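Right, one structure below, let's go through it.
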Protein chains: 2
Amino acid sequence: MDIEIRSGCPINLTMEVLGDRWSLVIIRDIMFGNRRHFRELLNRSEEGIASNILAARLKRLMSYGLISKLDDPSHSQKAIYSLTEASIQLVPMFAMIGAWGRRHLPVSEDLSIRAELLEEGGQPLWDEFMADLRRIHIEDPIGGANGTVKSPVLARLTAAFLEVRAKMDAPAS
Amino acid sequence: MDIEIRSGCPINLTMEVLGDRWSLVIIRDIMFGNRRHFRELLNRSEEGIASNILAARLKRLMSYGLISKLDDPSHSQKAIYSLTEASIQLVPMFAMIGAWGRRHLPVSEDLSIRAELLEEGGQPLWDEFMADLRRIHIEDPIGGANGTVKSPVLARLTAAFLEVRAKMDAPAS
DNA sequence: TCCATCTGATTGCGTTTTGAAACTAGTTGA
DNA sequence: TCAACTAGTTTCAAAACGCAATCAGATGGA
């Protein structure tokens, strides 16, 4: 749960915190899929994460201040997981990671449309998206989780994704 | 040695390839430290990587096409490790990772000056650096390894690093 | 009230990965 | 000849991972 601090190099420290197969994938689901509950992160995970691994990662990310946990008023046992300012500032990094992956790895068309739009939008779109995320994760996490408060940028990204999906499912014309 | 392909998402795939504690640190040393031999990567590693882990990671990165290996003509047992076009294109990602780490993690001043300069320089500096890297890793890997061919950008980053180091070592004025 | 279902996890257990130290096998230069 | 250097491999213990089963409390409908 603690950083060993092999060295004070920014790249090394970032890899000590985020350098595993799951942490960034979980943050991605919270950020781009607005999955705010344990079960959403578990069952709707594209990659099929195990429940013990998810629990361990959520705990770890909380200890680093990358996500926060809040009781859901609608269900005393439910918890709402939210991004923090630190993880919201990962947006440009996600854009770069997505851009690189799209160019050099065997990505699928539907799952990479959001990365494409995020890359094309550049800094102005990233700023807009980060402002949205602050509203639905920091200012009103409960409204953000239950859908009362929405992110326009996220809505656009999701719409584009669903459109590509629909085209792929349709019979070839 | 092979990607499992849990999903075709660009972020997931990138994490499957680079999502461990060592891969990016090794590429960083080759890229920013111009360490081109096994021993340079092993003994002059800031983080103290073990030789078996280094050997395994080099093999893995080669299998993904992120580094290439070449016989050193000056010593029949020596190998020269070089970046490929794919890993050279990681430069903007490194810039973002460094920028994020510098803001949110306990980095040390000397080891983060290069990240600071890389961030400030923006896309123009990244393009210049990538052009340099192509010369010393792809066009003339042997000259790049033995120092006959140099990177002006790398020289500037290293000079700034050594300057900060010197200031830190000097007695407080 | 009863009970199936949902909540965020935890427990066991076998497999895989990691890490440190020692070691190998060959090369080089004095 | 020999010490130093080259790129790794071997060994073995510890940690992390992945899967399936399980848990205890909360909820909602009959």
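Small disclaimer: the values here were computed from a predicted structure and weren't measured. All chains are named by letter (A, B, ...) in the order of the sequence lines, taking the proteins before the strands, and each is independently numbered beginning at 1.
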Polar pairs (N or O, both sides) under 3.5 Å between protein and nucleotides 24-26 of chain C?
residue, atom, partner, partner atom, Å
C:dG26, N2, B:Gln77, OE1, 2.8
C:dG26, N3, B:Gln77, OE1, 3.2
C:dG26, N3, B:Gln77, NE2, 3.3

Rounded distance in Å - CD1 (B:Ile26) to C1' (C:dG19): 14 Å
Basic-acidic side-chain contact under 4.0 Å: B:Glu85, A:Arg103: no
Among C:dA20, C:dT10, D:dT9, the one nearest any side-chain atom of A:Lys59 is C:dT10
Output the rounded distance in Å from NZ (B:Lys78) to C1' (D:dA4). 13 Å
Considering heavy-atom distances to DNA chain C, does A:Arg21 or A:Ser51 have its closest nucleotide positioned more toward the 5' end? A:Ser51
Less than 6.0 angstrom from the centroid, inside 45 degrees of the normal: does A:Arg28 satisfy that with respect to the ring of A:Trp22? no
Interatomic distance where CE belongs to A:Met15 and P belongs to C:dT18 [whole Å]: 12 Å
Measure the distance from CG on A:Leu54 to P on D:dG18 and round it to the nearest whole Å. 12 Å
Euclidean distance, atom CZ of residue B:Arg60 to atom P of C:dT16 [Å, nearest integer]: 16 Å
Between P of D:dC12 and CG of B:Asn52, the distance in whole Å: 14 Å
Among the candidates C:dG19, D:dA20, C:dT18, find the nucleotide nearest to the side-chain atoms of B:Trp22. C:dG19
More 5' along DNA chain D: B:Ala55 or A:Arg57, using each one's nearest nucleotide? B:Ala55
Hey, is A:Arg6 close enough to A:Glu16 for a salt bridge, meaning N to O under 4.0 Å? yes
Rounded to whole Å, NZ of A:Lys69 lies from C1' of C:dT7 at a distance of 11 Å
Paired with A:Ile136, the side-chain contact (heavy atoms from CB on, under 4.5 Å) test is passed by just one of A:Ile142, A:Thr148, A:Asn34, A:Leu83, namely A:Asn34
Quiz item: A:Ser76 side-chain donor-acceptor pair to D:dT27 base, under 3.5 Å: no
When the distance from NE2 of B:His37 to P of C:dT27 is rounded to whole Å, what number comes out? 17 Å
So does A:Asp132 pair up with A:Lys150, basic N to acidic O under 4.0 Å? no
Around A:Asp71, counting heavy atoms of other residues, nucleotides and ligands shown, do more than 12 lie under 6.0 Å from its CG? no
Measure up the B:Phe32 and B:Phe94 rings against each other and bin them: parallel (under 30°), tilted (30 to 60°), perpendicular (over 60°). perpendicular
